[in-house]
2 protein chains.
Amino acid sequence: MKNPIEHLNKIFDNRVRLGVMSVLMVNEEINFNDLKQMMDVTDGNLASHLSTLEEHAYIRVHKGFIGRKTNTTYAITKAGEKAFKEHIEALENMIKGIR
Amino acid sequence: MKNPIEHLNKIFDNRVRLGVMSVLMVNEEINFNDLKQMMDVTDGNLASHLSTLEEHAYIRVHKGFIGRKTNTTYAITKAGEKAFKEHIEALENMIKGIR
DNA sequence: ATTGCTACTTTGTAGTACAAAGTGCTTTTT
DNA sequence: AAAAAGCACTTTGTACTACAAAGTAGCAAT
């Protein structure tokens, strides 16, 4: 019998990082505050998870403006998309084993 | 836009616990050593995750014998099945949002 | 008598998650 | 002009977690 978890990515064990990635898979970009409200986390907590994802080059940051207000947006990278797809595939295979 | 992770169960964030549960969904029961080899973890590590799952009443332990050798087996409980199914459903909904 | 197996428990460490408070900059309100 | 508020963090501190490694108890095989 084979290991059902060997292809899961450790970075995506965490729910906040998993959620951020799943949001970024379907949204070209999203800003800090929307993400914060969506995930219902404190800003410090969100920032630390975002920087973990950035360190792994799974997301990319863009500091811009809306009018004169700062607006930081986040987008998924190619590497992030690849890693996340592989994780999802591993999850699906695990789930398939259950059905 | 809605929170993609609110229905995920924190207990199943961990890969080892996730793997154990997924194995127990398809196997009536499984023993300690098989689980250990399958998940490729140290025995202490496995034991601690198993006891977390037991504390939450997601699995049940049965200490038996094969011949004269001790053989501890683990099985999923009704509550464990329910919690895990809900987690899987939440994961599937998250994934569905991506496709 | 020693070694080995099973299923742990104990110990210790490094890493993680998180809240809360603080920061620097800008904008809005008074 | 001064104060309050918003943005996107950083810093600090704490509690929790994952994990390896070593130790343990009971039994079996050599």
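Letters A, B, ... are given to chains in the order of the sequence lines, protein chains preceding strands, and every chain is numbered from 1.
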Grab the NE2-C1' distance between A/H62 and D/dA8 for me, whole Å please.
-> 15 Å

Keeping to residues at least two apart or across chains, list the ring-ring contact (aromatic ring centres under 6.0 Å, His included) pairs with something in residues 17-44 of chain A.
-> none

The correct set of residues in residues 27-38 of chain B placing a heavy atom under 4.0 Å from DNA chain C is B/F32, B/N33

Give every donor-acceptor pair under 3.5 Å between a side-chain atom in residues 59-69 of chain B and any protein atom, sequence neighbours left out.
from  : atom 1 : to    : atom 2 : distance (Å)
B/R60 : NH2    : B/I76 : O      : 3.2

Is the backbone N or O of B/E29 less than 3.5 Å from a side-chain atom of B/N27, with the two atoms forming a donor-acceptor pair by type?
-> no

Could you check how far CG of B/L46 sits from P of C/dC8, rounded to whole Å?
-> 9 Å

Interatomic distance, B/K63 NZ vs C/dT9 P [rounded to whole Å] = 7 Å

Would you list the atom pairs, donor with acceptor, under 3.5 Å between side chains in residues 7-19 of chain B and any protein atom, with sequence neighbours excluded?
from  : atom 1 : to    : atom 2 : distance (Å)
B/N9  : OD1    : B/I11 : N      : 2.9
B/N9  : ND2    : B/Y58 : OH     : 3.2
B/D13 : OD1    : A/R15 : NH1    : 3.3
B/N14 : OD1    : B/V16 : N      : 2.8
B/N14 : OD1    : B/R17 : N      : 3.1
B/R15 : NH1    : A/D13 : OD1    : 3.3
B/R15 : NH2    : A/L8  : O      : 2.9
B/R17 : NE     : B/I11 : O      : 2.8
B/R17 : NH1    : B/H49 : ND1    : 3.1
B/R17 : NH2    : B/I11 : O      : 3.4

Looking only at atom types and distance, does a side-chain atom of A/T77 sit under 3.5 Å from a main-chain N or O of A/A57, one as donor and one as acceptor?
-> yes

Check whether more than 12 heavy atoms from other residues, nucleotides or ligands sit under 6.0 Å from atom CD of A/E6, and answer yes or no.
-> yes

Neighbour count above 12 (heavy atom, 6.0 Å) for A/E89 CD = no

Between C/dT26 (P) and A/N71 (CG): distance, integer Å = 16 Å

Nucleic acid footprint by protein, nucleotides 11-30 of chain D - heavy-atom cut-off 4.0 Å, B for base, S for sugar-phosphate alone = -------SSSB-----SS--

In whole Å, what is the span from the CG atom of A/L50 to the P atom of D/dC7?
-> 15 Å

Atom CZ of A/F12 to atom P of C/dT16: distance rounded to whole Å?
-> 15 Å

Which residue pairs pass the salt bridge (charged side-chain N to carboxylate O under 4.0 Å, His left out) test when at least one of the two sits in residues 32-48 of chain A, sequence neighbours left out?
-> none

Euclidean distance, atom NE2 of residue A/H56 to atom C1' of C/dG15 [Å, nearest integer] | 13 Å

